[in-house]
Amino acid sequence: MSLRSFVPVARSARALLLLAGLACLGTAHAAKPEPVRNWTHPSLDQFVLAKIAILPAVPVEGGLDICPFVEKRWLSATSGPRMRWLPAVLSRERLKSGGGDSLLRRVALDVLRNGRVDSTTAPAAARALGVRGLLSIRIDLWRHEDGKSEDRTRAVVALTSSLVDSSGALLWTAADRSVYETSENLSQLTSEFGQAPADFDSALVNLVGRWGSIVSSVPASAPAPKGL
């Protein structure tokens, strides 16, 4: 092969290697939790969200079986009228009926990639759900690790959650991990039907318990005009 014909081939090979490397990096990034962050819109109390949908959880780790545990715990962490919160199980059904599997898939891909629903998907999802706000949940970690001593184990849970309005504007986002360490075998214990194993549930409650009050603080209705 002449040098002139070898150069384009070499360039093509380098390009393929670069693309392969980027694909690997993208896969690694999707499976790795983002750095701890907690951001709240400075004017959060000026956004009025009469109804907020808790979207189906998206697992990076742990599998689909654990999603109902996380979704129910998030719902229990919210406050205010129950009618204000659309549970994830209903969100899943309405997304399917409002746009078929394609809309549900778009929502899941947004959450997997960015930890929230973006501005291209949010309007369609909000219309299908009949809500003004979308609360997303990505499960970044769900695993058992060895504890600090030989007879102890740790349940590790990490979540990324975000709240956007119906236009996709970001109102709140947080990513953090919680660890519950014990010397007891709690992995098979539950305190109610459909709840996660007790050690994971304890770690989970620590996270969503802190975040639920922030999300619930968004006004459900506009303040009454002064002087009335």
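- With hydrogens and angles left out, the side-chain atoms of Trp211 and Ser161 include no donor and acceptor closer than 3.5 Å.
- Under the side chain to side chain contact (heavy atoms under 4.5 Å, CB included) rule, Leu55 has a single partner from Leu104, Leu129, Leu135, Asp110, which is Leu129.
- Atom CZ of Arg84 sits about 8.5 Å away from atom OG of Ser221, to the nearest 0.5 Å.
- Between Phe200 and Trp142, the ring-plane angle classifies as parallel under the 30° and 60° cut-offs.
- Partner of Leu134 under the side chain to side chain contact (heavy atoms under 4.5 Å, CB included) criterion, out of Leu163, Val164, Leu86, Thr121: Val164 alone.
- Following chains of ILVMFWY side-chain contacts shorter than 4.5 Å, one can reach Val89 starting from Val131, so the two form part of one hydrophobic cluster.
- The minimum heavy-atom distance between Ile137 and Val70, with the atom names listed, is CG2-CG1, 3.7 Å.
- Atom-to-atom distance recorded for Asp45:CG and Leu171:CG is 11.5 Å, nearest 0.5 angstrom.
- The CH2 atom of Trp172 sits 7.5 Å away from the OG1 atom of Thr40 when rounded to the nearest 0.5 Å.
- Atoms CH2 and OG, from Trp39 and Ser162 in turn, are 10.0 Å apart once rounded to the nearest 0.5 Å.
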### Task
With side-chain contact (heavy atoms from CB on, under 4.5 Å) as the test, would you mind laying out the steps for Phe69 and Asp201 before giving the verdict?
CA-CA 8 Å; Phe69 303 145; Asp201 192 57; over 6 Å; no

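- Heavy-atom contacts from other residues, nucleotides or ligands closer than 6.0 Å to CZ of Arg132 number 12 or fewer.
- Contact between Trp85 and Ser216 at its shortest, heavy atoms only, is CZ2-OG, 3.7 Å.
- Asp176 places a side-chain heavy atom less than 4.5 Å from the side chain of Leu207.
- Across Asp146 and Arg154, no two heavy atoms sit closer than the pair O-NE, 3.7 Å.
- Atom CG of Asp199 and atom OG1 of Thr153 lie 6.0 Å apart (nearest 0.5 Å).
- Across Pro56 and Glu71, no two heavy atoms sit closer than the pair CA-OE2, 3.4 Å.
- One finds no salt bridge joining Arg113 and Asp118 here, because no Lys/Arg side-chain nitrogen approaches an Asp/Glu carboxylate oxygen to under 4.0 Å.
- Here the CZ-CZ distance, from Arg138 to Arg116, works out to 11.5 Å after rounding to the nearest 0.5 Å.
- None of Val157, Leu159, Val205 except one satisfies the side chain to side chain contact (heavy atoms under 4.5 Å, CB included) rule with Arg73; the exception is Val205.
- Hydrophobic clustering (ILVMFWY, side-chain heavy atoms < 4.5 Å, transitive): Leu103 and Leu90 are in one cluster.
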### Task
Dump the intermediate steps for side-chain contact (heavy atoms from CB on, under 4.5 Å) on Thr160 and Val60, then the final yes or no.
CA-CA 11 Å; Thr160 296; Val60 172; over 6 Å; no

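- Counting only heavy atoms from C-beta outward, the side chains of Lys72 and Ser76 never approach each other to under 4.5 Å.
- Here the closest heavy-atom approach between residue Cys67 and residue Ala57 is recorded as SG-O, 3.5 Å.
- What you find for Ser178 and Asn206 is that their closest heavy atoms are OG-ND2, 3.0 Å.
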